[in-house]
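First the proteins, then the strands, lettered A, B, ... as listed; each starts at 1. These values consider heavy atoms only, across backbone and side chains, with no hydrogens, waters or symmetry-generated copies.
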Protein chains: 2
Amino acid sequence: MSVDQAAKRDIPDATVARLPGYLRALGQLTVQDVLSVSSEELAHSAGVSSAKLRKDLSHLGSYGVRGVGYDVAHLTYQISRALGLTHDWPVVIVGMGNLGRALASYGGFATKGFKVVALLDRDPQLVGERLDELTVQPMGELVSLVTPGEACIGVIATPAASAQDVADLLVAAGVSSILNFAATAIQVPEGVHMRKVDLSTELQILAFHEQQRSASVADELLEGAG
Amino acid sequence: MSVDQAAKRDIPDATVARLPGYLRALGQLTVQDVLSVSSEELAHSAGVSSAKLRKDLSHLGSYGVRGVGYDVAHLTYQISRALGLTHDWPVVIVGMGNLGRALASYGGFATKGFKVVALLDRDPQLVGERLDELTVQPMGELVSLVTPGEACIGVIATPAASAQDVADLLVAAGVSSILNFAATAIQVPEGVHMRKVDLSTELQILAFHEQQRSASVADELLEGAG
DNA sequence: ACGCTCTTGTGAACAAATGCACAAAGTCGC
DNA sequence: GCGACTTTGTGCATTTGTTCACAAGAGCGT
């Protein structure tokens with residue numbers, strides 16, 4: 001048992017970040033009634049190299065069959081288990097603007113491992129509104145919704161200006177994992193896990209690569225001329 | 001000049017991914033009328049270590065002053081330039097569901113480096129609707145909007161089922177950078193830059209760490225008892 | 001001018017991640 | 001059974017990224 005957990009514990013971060021991608025690719029194979037898949041095929045669907053995929057999976061254990069490949073259902077289960085998706089995690093979404101609504105109505109939650117248990121907003125105008133079988137509640141309800149000690153994931157979908165306040169409230173209520181969609185960096189105390197998703201960051205990274213491309217094209221022209 | 005570009009070219013990926021965060025932190029300092037900042041302070045606002053920040057900035061050039069720190073305005077300019085944000089990049093958003101609307105009305109575009117030039121949707125019901133000074137157009141307009149050779153960033157905010165089709169259309173029209181918000185992996189030809197933003201991936205990574213936490217708490221209890 | 005204090009920029013050590021190449025281990029046809 | 005073939009799992013080399021620790025500068029008071 002301790003061995004089992006130790007095996008899980010040292011899964012590298014880079015691997016953990018790719019596991020959801022494998023899980024998604026496996027989901028597509030499942031609906032296509034594919035029973036078995038090779039590392040080559042699965043890696044291609046997930047957009048990685050097969051060597052990387054195999055090394056990633058080897059961190060979870062040895063679940064493939066040499067000469068054959070991986071059993072789709074079994075590998076799905078093993079990855080889910082490694083990620084901790086064998087039971088549903090409660091999620092509270094704070095901020096019911098455009099983005100909050102989009103997230104709340106996003107189907108991806110229910111399907112795998114998560115359950116939105118509450119929608120919160122500071123604005124009294126929005127409180128009481130029903131969205132997808134849930135009623136928007138005021139921020140004050142936060143403490144009664146989260147049981148400290150029992151894990152819960154908080155999603156921040158507020159404007160940047162209120163993000164830090166909301167994060168502080170979430171932490172005070174006992175939330176230990178936060179996903180921040182607001183366009184600002186927020187500070188959380190040690191022990192709270194925080195991840196950030198941000199449109200402009202992603203666009204800026206793409207812009208950098210576009211710029212590199214045009215710069216190198218320009219260089220080639222110059223070299224050709226020189 | 002070639003030296004200048006060569007310096008830019010070998011900025012490590014990990015550094016590029018962090019530059020937008022520094023830019024954002026600098027923006028906050030700017031509105032607070034702070035003129036100068038040390039690596040320690042800036043690193044803290046951006047949530048990284050000061051050593052990492054300094055090494056990252058050293059890849060852009062030597063823009064700090066020893067004993068003093070960095071000039072906020074000048075560093076902002078240098079990072080913007082490195083990322084290619086000295087002029088606006090055109091962005092087309094495909095898919096005007098909840099998410100597409102949220103993205104379209106997201107203020108972050110205009111402020112720095114990007115300009116939404118078109119909103120597209122396959123659904124005739126949505127075509128013609130006005131959102132933030134733009135009219136939703138049918139997919140067919142794509143080719144007339146994008147000038148091949150001139151860089152343009154495409155954002156996919158459609159359901160997963162149509163994401164691959166949309167990506168193919170974008171590529172065919174000449175878009176060379178794609179940001180995919182759909183909950184599916186898409187394949188793009190070599191030479192097209194693709195990034196993926198996905199709620200469930202992020203949640204699953206958080207779930208993994210929550211699970212690690214509870215596992216290690218359980219372990220400690222067992223050790224204490226044993 | 002000089003020494004004191006501060007903070008950058010960077011070389012060198014260290015750590016993490018990736019890619020390669022192949023032995024190990026399985027299936028299948030005969 | 002057995003040899004041919006397939007595909008996994010992994011040791012090793014390489015690349016990429018991070019951390020440390022400090023010399024090299026820059027400002028300041030005297």
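- Closest approach of A:S80 and A:L23 over heavy atoms only: OG-CD1, 3.7 Å.
- Between B:V171 and B:P189 the shortest heavy-atom distance is CG1-CG, 3.7 Å.
- Rounded to an integer number of Å, the gap from CG of A:D56 to P of C:dA17 is 10 Å.
- Between the NZ atom of A:K55 and the P atom of C:dT18 there is a distance of 10 Å, given to the nearest Å.
- When atom types are taken as modelled, the side chain of A:R24 and the backbone of B:A183 share a donor-acceptor pair closer than 3.5 angstrom.
- Counting any heavy atom pair closer than 4.0 Å across all strands shown, B:S49 reaches sugar-phosphate atoms only and no base atom.
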Close N or O pairs between protein and nucleotides 22-30 of chain C (under 3.5 Å):
residue : atom : partner : partner atom : Å
C:dA24  : N3   : A:R66   : NH1          : 2.8

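- For the contact set between residues 69-80 of chain A and DNA chain C, defined by any heavy atom under 4.0 Å, there are no members.
- By the ring-ring contact (aromatic ring centres under 6.0 Å, His included) test, A:H74 pairs with A:Y63, sequence neighbours left out.
- Taking atom CD1 of residue A:I11 and atom P of nucleotide C:dA16, one finds them 15 Å apart after rounding to whole Å.
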Please output the side-chain donor-acceptor pairs of residues 48-55 of chain A that fall under 3.5 Å, not counting sequence neighbours, one pair per line with the distance.
residue : atom : partner : partner atom : Å
A:S49   : OG   : A:K52   : N            : 3.2
A:S50   : OG   : A:E40   : OE1          : 3.4
A:R54   : NH1  : A:S39   : OG           : 3.1

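- Side-chain N or O atoms of A:S38 include one that pairs as donor or acceptor with a backbone N or O of A:E41 at under 3.5 Å.
- Listed by residue number, the members of residues 33-43 of chain B with any heavy atom below 4.0 angstrom from DNA chain C are B:S38, B:S39.
- The heavy-atom pair separating A:V175 from A:C152 by the smallest distance is CG1-O, 3.4 Å.
- Nearest approach of A:F208 to B:A82, heavy atoms of both residues: CD1-O, 3.2 Å.
- No more than 12 heavy atoms of other residues, nucleotides or ligands sit less than 6.0 Å from atom NE2 of B:H44.
- Residue A:A160 comes nearest to A:T184 through the heavy atom pair O-CG2, 3.6 Å, listed as atom of the first residue, atom of the second, then distance.
- Interface limits on DNA chain D: the 5'-most and 3'-most nucleotides within less than 4.0 Å of chain A heavy atoms are D:dT6 to D:dC12.
- Nearest-nucleotide positions on DNA chain D place A:L57 closer to the 5' end than the other of A:L57 and B:D13.
- Between the side chain of B:R213 and the main chain of A:G191, a donor-acceptor pair closer than 3.5 Å is present.
- What separates NE2 of A:H59 from P of C:dT18 is a distance of 10 Å, to the nearest Å.
- In this structure, the side chain of B:T201 does not engage the main chain of B:V197 through any donor-acceptor pair within 3.5 Å.
- Across all non-hydrogen atoms, the minimal contact from B:W89 to A:Q211 is CH2-N, 3.9 Å.
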